[in-house]
Structures are given as C-alpha cells and as structure tokens.
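In what follows, a single structure is set out as structure tokens and then discussed.
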Amino acid sequence: MAKDIKIVLTGDRPTGKLHLGHFVGSIQNRIKLQNEADKSFYMVADIQGLTDNADNPEKVRGNVLEVALDNLACGLDPKKTTMFIQSEVPEIAELTVLFLNLVTLARLKRNPTVKNEMKDKGFGEDVPAGFLAYPVSQAADILFAKANLIPVGEDQLPVIEQVNEIVDDFNRLYGKTFNRVKHLTGDTGRLVGIDGNSKMSKSLNNAIYISDSLEVVSKKVMNMYTDPNHIHVNDAGKVEGNVVFTYLDIFDENKDEIVELKKQYEKGGLGDVVIKKRLIEVLEKLIAPIRERRENLAKDPQAVMKILQEGTVKAREAAVETMAEVRKAIKIDYF
Ligand code: TRP
C-alpha cells in the first residue's frame with residue numbers, strides 16, 4: 001500500500017452519550033477528515049466498552065445507537081465514512097490475540113492513559129486483563145483497516161504510541177506489513193469539565209452532552225466554576241482557571257469581544273451571570289442544529305442500525321484481506 005494514501009479511523013466506546021469534550025477533541029476532526037481522506041472508518045467500540053463493563057452488557061448495547069446518533073447528528077456522513085460495530089468484525093479479535101504476544105505485562109501497566117483510567121475507575125490490581133490490554137485491541141481496531149490517521153482526544157496519545165510500537169515489532173518479526181499511524185487531536189487542547197476539573201468526563205459527572213436540552217445546558221453553565229473570590233459584581237475577577245472564559249475562548253467566535261470582556265471582568269464590574277448567559281447562547285448556537293438532527297434521526301433507529309450493518313460488511317472485507325496477509329506473515333496460513 002502506498003504510504004501517502006490517507007485512511008482515517010476512529011471510534012467511541014458505547015458507554016454513554018458523547019459530550020463537548022469528545023466534540024472538540026475528536027468529532028470535529030472526524031467530520032473534516034472524511035472529506036479529505038481516501039477512506040474513512042468510524043467504529044462503535046463495543047468490545048472495548050465491555051472491558052470495564054463485563055457485568056453490564058445492557059449498558060453497552062443500549063449506547064451503540066446513542067453514539068452512532070451523536071456522530072451522525074454532528075455531521076458524520078455514512079456515504080463518506082464507513083460506520084461499523086467492532087464486535088461484528090471478529091477478525092479484530094483475532095488480530096488482538098496475535099498482537100498480545102508482542103506486548104509485555106510491564107508495558108501494559110506503564111501506559112499513562114490506562115493508568116489514569118484505572119485510577120478514575122478505582123481498579124488497582126483488580127483491573128480486568130481485557131481493560132489493561134485495551135490499547136492492544138485498539139491497535140487491531142486501527143490496523144485491520146490499515147488506517148494511518150487517527151483523530152483522537154489528547155488523552156489517547158499514549159495509546160497511539162503503543163500502537164506504533166506494535167507496528168514496529170510486528171514488522172521487525174514478520175516482515176513489513178503495517179505502516180506507523182499518526183494521531184490528530186483537536187486544536188484547543190483537552191476540554192475542562194464544568195467543575196474546573198482538567199478533564200470532562202461522564203464518570204466525573206462534569207460534562208455537557210451534545211444532546212443536552214437548552215434547559216440542561218443552561219443549568220450546567222449557571223453552575224459552572226468561575227472565580228470563587230468574585231463575590232460581588234464590582235470585585236475584580238480572575239479569568240485564568242475560570243471555566244466560563246475557558247469555554248468562551250473555545251466556542252465564542254467573537255474573539256475581540258471576549259478580550260474586552262476579560263479586561264472588564266479582571267477590573268471588576270462584570271457579573272458572572274452576564275458571561276454565563278453569553279456562554280449559554282454561544283453553546284446553544286452550536287448544539288441546537290445538532291440536537292434537531294439527532295431528534296430526527298432518533299425517530300428511525302432501524303435506519304441507523306442499517307447504516308451500521310452496511311458499514312460492517314464493508315469493514316469486514318478489509319479485515320478479511322488484512323488477516324490473510326497477517327496469517328501468511330506469521331506462518332499460520334495452513335490450508
Ligand atoms: N479508546 C477510544 C476512546 O476511549 C475509543 C476507540 C476504540 C478508538 N477504538 C479506537 C479510537 C480506534 C480511535 C481508534 O475514546
């Protein structure tokens with residue numbers, strides 16, 4: 001395969017609806033890249049979702065449709081992007097098993113992304129082996145399709161690094177089969193949660209969802225962390241670490257006005273409610289059309305499942321081809 005062919009692949013775990021952190025970290029890039037790529041894949045990573053939800057398959061199953069809806073509503077176009085379900089491409093599991101031989105337990109335990117997630121989930125030594133090894137299965141997610149450009153949130157960079165180690169080891173041991181992959185992250189950095197925590201996440205309960213109603217968004221913004229010492233309107237306020245300003249910086253297109261507002265806030269005389277109301281408007285402008293498309297798509301869930309089914313057929317074709325090549329390379333092509 002020529003190196004300059006651009007094959008994009010990305011995915012979401014179906015463990016909850018997607019939020020603005022996903023939007024700025026990865027979804028915006030997927031939407032853009034589907035127009036530039038030679039091929040574009042989007043995976044509902046249900047097997048990965050099960051790695052820390054083995055006892056709750058209903059949750060994973062129930063969110064397959066939700067994450068597909070979120071992506072379609074944001075503008076993922078099934079004509080341009082092959083949308084599929086991970087578990088329906090069993091070659092990915094096969095490839096994962098073979099990749100597992102190339103990775104040590106020590107290396108798995110060292111991955112900072114996995115370490116952080118283990119801490120968030122309170123796993124300690126009792127981490128499911130499948131969860132610890134999810135970067136290996138993610139390598140299979142990516143490499144079955146020979147994808148080389150991966151839009152992901154910043155938190156996933158150590159996973160992508162591990163994928164490239166697997167590429168190098170595989171090629172060294174079995175002959176050149178895969179190309180190294182590149183990541184693409186959003187240009188605003190990781191989105192903070194509404195509470196000021198460095199990461200927006202469902203488990204931290206500090207997220208604004210792409211599908212949230214205006215009422216819910218308003219409530220969340222009104223509760224946003226600002227400057228705890230900015231008690232009276234006339235007090236001088238702090239802009240740094242103030243979540244409302246962090247969001248305005250990212251989502252408000254009128255940058256000049258934001259500069260002015262910041263000056264005013266720092267001097268004193270600008271109330272939190274004013275900037276919060278502005279942010280609500282800005283977010284509503286972004287979310288309203290997405291919400292409307294989502295509501296329309298949600299009326300016909302079978303149509304969405306059909307998109308995934310048709311995409312899965314296409315993804316499998318690529319997977320079967322890659323597995324034939326892999327089996328040959330590892331000398332397990334008997335008959
Ligand atoms: N680990 C990713 C996340 O939690 C989801 C994912 C699964 C993924 N497989 C992938 C992302 C392949 C990119 C490529 O967001």
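Index from 1, following the sequence. Predicted model only: the values in this text are computed from it and were never measured. In each ligand, atom 1 is the first atom listed, and ligand 1 is the first ligand listed.
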Would Glu266 and Lys238 pass as an ion pair if we require N to O under 4.0 Å?
->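 Salt bridge: no.
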
So, are Arg294 and Glu66 salt-bridged, with charged N and O less than 4.0 Å apart?
->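 A salt bridge is present here (some side-chain N lies under 4.0 Å from a carboxylate O).
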
Taking atom NZ of Lys199 as the centre, report whether more than 12 heavy atoms of other residues, nucleotides or ligands fall under 6.0 Å from it.
->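 Above 12, so yes.
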
Output the set of protein residues with a heavy-atom contact under 4.0 Å to ligand 1, ordered first by chain identifier and then by residue number.
->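 The answer is Leu9, Thr10, Gly11, Arg13, Met43, Ala45, Gln48, Tyr134, Gln138, Asp141, Ile142, Ile150, Val152, Gln156, counting any residue whose heavy atom sits under 4.0 Å from ligand 1.
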
How about Glu154 and Thr185: does a side-chain donor come under 3.5 Å of a side-chain acceptor?
->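 No, because no side-chain N or O of Glu154 sits under 3.5 Å from a partner of the opposite role on Thr185.
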
Give a yes or no on whether the backbone of Ser40 and the side-chain of Thr81 come within a donor-acceptor separation of less than 3.5 Å.
->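 No, the answer is negative, given that no donor and acceptor are paired below the 3.5 Å cut-off.
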
Face-on cation placement of Arg291 at Tyr209 ring, 6.0 Å and 45° thresholds |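 Relative to the ring axis of Tyr209, which defines the angle, Arg291 lies outside at least one limit.
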
